[in-house]
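Down below is the structure, laid out as structure tokens.
Bear in mind that the values here come from a model prediction, so they are computed numbers and not experimental data. Letters go in sequence order (proteins before strands), and every chain restarts at 1.
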2 protein chains.
Amino acid sequence: MNVSSVRVPGVNQPMCPSRLVLEHVTSRWGVLVLAALLERSYRFSELRRTVGGVSEKMLAQTLQTLERDGFVHRDAKPVIPPRVDYSLTPLGAEAAEQVWGLARWAERRLEAVESARETYDGARSQAAPGPVGQA
Amino acid sequence: MNVSSVRVPGVNQPMCPSRLVLEHVTSRWGVLVLAALLERSYRFSELRRTVGGVSEKMLAQTLQTLERDGFVHRDAKPVIPPRVDYSLTPLGAEAAEQVWGLARWAERRLEAVESARETYDGARSQAAPGPVGQA
DNA sequence: CAGGATCCGTAACGATACTG
DNA sequence: CAGTATCGTTACGGATCCTG
């Protein structure tokens with residue numbers, strides 16, 4: 001795969017298919033769901049509480065996407081009240097470890113990034129004096 | 001960092017800051033820009049052509065975000081017509097290799113994912129008979 | 001040529017209500 | 001409990017115009 005292999009004339013056209021997989025696992029809730037399931041399996045609303053801040057709709061949608069891609073296994077027990085357990089497949093565990101690795105890298109370099117941001121923002125406020133203006 | 005460290009009551013609240021870094025580097029154009037710059041430095045519209053399908057606005061925005069995070073170096077030469085070269089900082093090279101690694105993983109597992117999707121889609125069409133209905 | 005400002009359509013997202 | 005359906009909002013992304 002090389003960078004030029006994209007194909008996006010108008011809007012969200014296909015582009016390279018692996019890009020889609022990447023977007024699924026790095027999606028806002030995808031990362032958190034994978035990370036949570038890396039530890040153990042969860043039920044739906046249990047997962048919802050654990051992740052925190054995710055709507056039912058988005059959680060369901062995220063789980064379906066991840067299930068369709070073969071990353072999570074959905075175990076729906078035919079009981080009343082319903083009980084559904086979600087867990088990682090081997091492929092999903094791989095995915096989870098990948099994104100978790102990336103997340104840990106981001107965390108390790110967070111200080112460097114924040115430092116860079118301060119430098120950047122500082123340099124910009126020189127050009128456009130703010131409350132500290134030395135006019 | 002653990003999954004519960006998120007904080008998103010209403011909308012796009014802060015959550016864990018490393019999540020932001022992750023979103024920047026895995027963003028739609030962020031990945032492609034980093035990947036492109038991994039090979040060599042580029043000028044603005046050169047990069048625009050290389051990535052393909054990115055609008056001026058989004059490319060500028062992506063580059064600014066990446067520059068602010070300390071991932072890309074912006075070298076604006078004071079000439080007419082303007083010439084601006086973009087390249088990776090050491091930190092940016094690290095980021096690029098990380099996401100590139102993830103992208104390559106996605107590519108390696110693409111077949112497994114697509115196979116999983118077929119299984120998933122196939123199973124669903126059993127429940128809701130389509131054009132192949134065996135009624 | 002590099003990019004800022006503006007306008008606008010789309011689609012992602014969140015909240016709520018409802019169903020099995 | 002585990003979702004689906006609907007609706008309103010928002011912000012993301014693209015096209016265009018314009019300036020240094």
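- Residues Leu59(A) and Val54(A) approach most closely at N-CG2, 3.7 Å, considering heavy atoms.
- A heavy-atom distance below 4.5 Å is not found between the side chains of Glu118(A) and Ser115(A).
- Rounded to whole Å, the distance from CZ on Arg48(B) to C1' on dA15(D) is 10 Å.
- As judged by a 4.0 angstrom heavy-atom cut-off over every strand, Arg74(B) is placed among residues touching the sugar-phosphate backbone only.
- Within residues 57-72 of chain B, the residues approached by DNA chain D to less than 4.0 Å at the level of any non-hydrogen atom are Lys57(B), Met58(B), in residue-number order.
- Here Trp29(A) reaches the OP1 or OP2 of dG14(C): one of its side-chain N or O atoms lies under 4.0 Å away.
- Nearest to the side chain of Pro81(B), among dG3(D), dC1(D), dC1(C), sits dC1(C).
- Under the 4.0 Å criterion applied to side-chain N and carboxylate O atoms, Lys77(B) and Asp85(B) are assigned as salt-bridge partners.
- Of the side-chain N and O atoms in Tyr86(B), one or more sit less than 4.0 angstrom from OP1 or OP2 of dG3(C).
- Checked for salt-bridge contact, Arg40(B) and Glu46(B) meet the test: a charged N lies under 4.0 Å from a carboxylate O.
- Axis angle across the helix from dC1(C)-dG20(D) to dG20(C)-dC1(D), with five pairs used at each end and values rounded to 10°: 40°.
- Atom CG in Leu20(A) sits roughly 15 Å away from atom C1' in dA12(C) (whole-Å rounding).
- With Phe44(B) as the aromatic partner, Arg48(B) does not meet the cation-pi criteria of under 6.0 angstrom to the ring centre and within 45 degrees of the ring axis.
- Contact detail for Val33(B) and Thr62(B): the closest heavy-atom pair is CG2-CG2, 4.1 Å.
- Leu32(A) is listed as a side-chain neighbour of Arg19(B), based on a closest heavy-atom distance under 4.5 Å.
- Here dC1(C) is the nucleotide among dA2(D), dC1(C), dC17(D) with the atom lying nearest to any side-chain atom of Ser45(B).
- For the pair Arg49(B) CZ and dC1(C) C1', the computed distance is 10 Å after rounding to whole Å.
- Distance from the side chain of Pro82(A) is smallest for dG20(C) among the nucleotides dG3(D), dG20(C), dG14(C).
- As rounded to whole Å, 8 Å separates atom P of dC1(C) from atom CZ of Arg43(B).
- The distance between atom CZ of Arg28(A) and atom P of dC13(C), rounded to the nearest whole Å, is 7 Å.
- Side-chain atoms of Thr89(A) come within 3.5 Å of backbone N or O of Gly70(A) as a donor-acceptor pair.
- For the pair Asp75(A) CG and dC1(D) P, the interatomic distance rounds to 18 Å; values are reported in whole Å.
- Counting to the nearest Å, the P atom of dG3(D) and the CD atom of Glu56(A) are 10 Å from each other.
- Between Leu47(A) atom CG and dC1(D) atom P the separation is 14 Å, expressed in whole Å.
- Tracing side-chain contacts under 4.5 Å through hydrophobic residues (I, L, V, M, F, W, Y), one reaches Leu38(A) starting from Trp29(A); they form part of the same cluster.
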